[in-house]
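Convention: sequence-line order gives letters A, B, ...; per-chain numbering from 1.
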There are 2 protein chains.
Amino acid sequence: MPAGTATPRRKYEEILLLRYLAGLGADRSPAVLSSREVGVHLGVSQQAADRYLLALARDGFLERSLGGRKQSLTLKASGLDLLRREYHDLRRLFEGPARLRFTGSVVSGLGEGRYYLAQPGYTVQFAERLGYTPYPGTLNIQPGPPDLLRVSAVKDWKGLRIDGFSAAGRTFGGATCHAARLGGRPGHLITPDRTHHTDVVEFIAPEYLRERLSLKDGDPVDVELEES
Amino acid sequence: MPAGTATPRRKYEEILLLRYLAGLGADRSPAVLSSREVGVHLGVSQQAADRYLLALARDGFLERSLGGRKQSLTLKASGLDLLRREYHDLRRLFEGPARLRFTGSVVSGLGEGRYYLAQPGYTVQFAERLGYTPYPGTLNIQPGPPDLLRVSAVKDWKGLRIDGFSAAGRTFGGATCHAARLGGRPGHLITPDRTHHTDVVEFIAPEYLRERLSLKDGDPVDVELEES
DNA sequence: ATTACTAGGTATCGAGTAC
DNA sequence: TGTACTCGATACCTAGTAA
């Protein structure tokens with residue numbers, strides 16, 4: 001299951017346009033460009049450039065405001081994500097699997113992890129794909145502010161899929177796992193598809209790490225992970 | 001003058017195909033794939049996949065041998081270069097301008113540098129684009145073997161163009177310059193479009209560096225450069 | 001000046017099929 | 001099995017032009 005071929009693929013010109021906008025810093029402040037200028041840059045007509053802009057805006061990759069003489073173009077998060085995925089794919093080719101090491105502090109979750117991880121629909125998949133049944137509880141780690149951006153890039157890495165399912169009249173979402181070590185102990189970073197928090201990552205392991213490593217809230221921990 | 005829009009642009013599917021092959025290590029050993037398998041991976045028909053292979057082979061990006069049952073596909077240097085350029089463009093977006101620092105040893109050239117650098121067709125461009133008229137001679141540096149690969153990546157960096165011209169009944173080729181420091185002294189790495197050697201880089205500077213730094217053949221020197 | 005529609009020509013696709 | 005041609009359908013481009 002190759003990543004990146006599932007979605008109904010964008011046109012190359014559209015990707016080049018997103019790249020161009022990103023290069024102009026349109027993810028931070030709007031780029032003011034006419035469709036003609038875009039066309040010249042891409043080597044296509046004003047009309048074609050306009051169609052690309054229309055399509056990208058329709059699909060939520062950029063935002064346009066046609067207020068004044070020219071339009072203001074702003075790259076949205078999903079547009080930048082698309083480029084980041086492209087970057088990551090190519091980076092892998094030339095630099096090999098990504099590695100990451102960061103320090104974070106232990107924080108308390110809502111205790112939901114215990115309920116979710118105990119679901120048979122999940123545990124059978126864990127046993128099969130991770131090779132163990134995790135202790136029923138996630139250890140939540142808040143990366144230090146300088147690491148947060150790098151940690152968020154992990155979502156683009158290839159990972160082990162845990163599929164969603166339905167049980168007891170409700171649905172349980174899927175997740176992606178990445179092999180990692182926390183304080184030297186092996187386990188996985190787990191990223192639910194529908195994640196609630198953006199500044200915290202969840203770690204699962206075969207053992208009860210809080211006890212094994214004598215961790216309490218606020219304690220610093222080292223996390224290392226390598227792309228599979 | 002945006003780099004990457006001059007060439008008559010490849011189709012995205014063709015680039016994805018090159019990426020796929022690179023991912024299979026087809027730059028080192030042939031990948032054995034039918035056009036149907038390629039088509040499945042790209043989400044297009046066998047016929048379309050075949051057309052892409054045909055076009056890429058025609059343009060020298062890959063080599064096919066149709067000997068046995070399936071074809072053997074080998075990625076050629078220009079195919080990998082194309083991907084490397086894509087990678088570099090995206091890397092710049094997310095990581096900022098590239099930097100490089102390497103150590104090499106001083107080697108003797110053929111003395112041609114003196115003749116070329118003295119051509120008025122070049123000197124006016126140097127003065128205008130580099131901000132100085134270089135001492136008429138290049139200092140040749142041979143990077144240490146471990147650095148050679150990284151140094152060769154510099155050709156993908158954005159740089160200052162020096163255009164070719166005709167004079168005295170012959171033609172002088174263009175070149176690309178990258179701002180750099182050699183042993184702490186400012187100057188430029190200069191890469192002729194039609195370069196003769198592959199393991200040596202040439203450095204130009206406002207002053208006679210051999211004398212200024214008391215360099216003789218075989219001496220080690222530090223070179224630092226940052227993308228403009 | 002813009003953006004963006006319509007019309008008509010071209011390029012590209014997949015199906016069928018020859019080798 | 002393969003690769004790769006021809007052919008008719010369609011997707012996409014540019015030009016012209018409306019707003």
With sequence neighbours left out, what residues match [X] under side chain to side chain contact (heavy atoms under 4.5 Å, CB included)?
X: B:Asp27; value: B:Leu75, B:Leu80
X: A:Leu130; value: A:Phe126, A:Tyr132, A:Leu160, A:Cys177, A:His188, A:Ile204
X: A:Ala153; value: none
X: A:Gln46; value: A:Ser35, A:Arg36, A:Asp50

Starting from [atom2] on [N], measure out to [atom1] on [X] and report it in whole angstrom.
X: B:Leu54; N: C:dT12; atom1: CG; atom2: P; answer: 14 Å
X: A:Leu73; N: C:dT2; atom1: CG; atom2: C1'; answer: 13 Å
X: B:Arg10; N: C:dA11; atom1: CZ; atom2: P; answer: 16 Å
X: A:Glu37; N: C:dT3; atom1: CD; atom2: C1'; answer: 14 Å

query = Between which nucleotides of DNA chain D, read 5' to 3', does contact with chain A run, using atoms under 4.0 Å from its heavy atoms?
reply = D:dC12 to D:dG16
query = Can you list every pair that meets side-chain hydrogen bond (donor to acceptor under 3.5 Å, both in side chains) and has a residue in residues 165-174 of chain B, with sequence neighbours left out?
reply = none
Validation: residues 92-103 of chain A side-chain donor-acceptor distances under 3.5 Å, sequence neighbours left out:
{"from": "A:Arg92", "atom 1": "NH1", "to": "A:Glu227", "atom 2": "OE1", "distance (Å)": "3.3"}
{"from": "A:Arg92", "atom 1": "NH1", "to": "A:Glu227", "atom 2": "OE2", "distance (Å)": "3.2"}
{"from": "A:Glu95", "atom 1": "OE2", "to": "B:Tyr87", "atom 2": "OH", "distance (Å)": "2.8"}
{"from": "A:Arg99", "atom 1": "NH1", "to": "A:Glu226", "atom 2": "OE1", "distance (Å)": "3.3"}
{"from": "A:Arg101", "atom 1": "NH2", "to": "A:Asp222", "atom 2": "OD2", "distance (Å)": "2.8"}
{"from": "A:Thr103", "atom 1": "OG1", "to": "A:Asp222", "atom 2": "OD1", "distance (Å)": "3.1"}

query = Within the structure, does a side-chain N or O atom of B:Ser45 lie under 4.0 Å from either OP1 or OP2 of C:dC13?
reply =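 For C:dC13, neither OP1 nor OP2 has a side-chain N or O of B:Ser45 closer than 4.0 Å.
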inquiry  = With a 4.0 Å limit, can you tell me whether B:Lys11 has a side-chain N or O closer than that to the phosphate oxygens OP1/OP2 of C:dC13?
reply    =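 Answer yes for this pair, as a side-chain N or O of B:Lys11 is under 4.0 Å from OP1 or OP2.
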request  = Please identify each residue that fulfils salt bridge (Lys or Arg N to Asp or Glu O under 4.0 Å) with A:Glu202, with sequence neighbours left out.
outcome  = none
ask   = So what is the end-to-end bend of the helix from C:dT2-D:dA19 to C:dC19-D:dG2, with 5 pairs used at each end and the value given to 10 degrees?
value =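 Axis-to-axis angle, ends of the helix: 30°.
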When the side chains of residues 51-62 of chain A are checked against the rest of the protein, which donor-acceptor pairs come out under 3.5 Å, sequence neighbours left out?
{"from": "A:Asp59", "atom 1": "OD2", "to": "A:Arg10", "atom 2": "NH1", "distance (Å)": "2.8"}
{"from": "A:Asp59", "atom 1": "OD2", "to": "A:Arg10", "atom 2": "NH2", "distance (Å)": "2.9"}

task = Residues of residues 46-53 of chain A with any non-hydrogen atom less than 4.0 angstrom from an atom of DNA chain D: list those, numerically ordered, please.
result = A:Gln47, A:Ala48, A:Arg51, A:Tyr52
key: A:Pro30: which of A:Leu24, A:Leu21, A:Leu73, A:Thr74 passes side-chain contact (heavy atoms from CB on, under 4.5 Å)   =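 Single side-chain contact (heavy atoms from CB on, under 4.5 Å) partner of A:Pro30 among A:Leu24, A:Leu21, A:Leu73, A:Thr74: A:Thr74.
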message = Keeping B:Arg19 on the side-chain end and A:Leu90 on the backbone end, is there a donor-acceptor pair under 3.5 Å?
response = no
key: Pairs involving residues 37-48 of chain A, ordered by first then second residue, that meet salt bridge (Lys or Arg N to Asp or Glu O under 4.0 Å) (sequence neighbours left out)   =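 Passing the test, one end in residues 37-48 of chain A: A:Glu37-A:Lys70.
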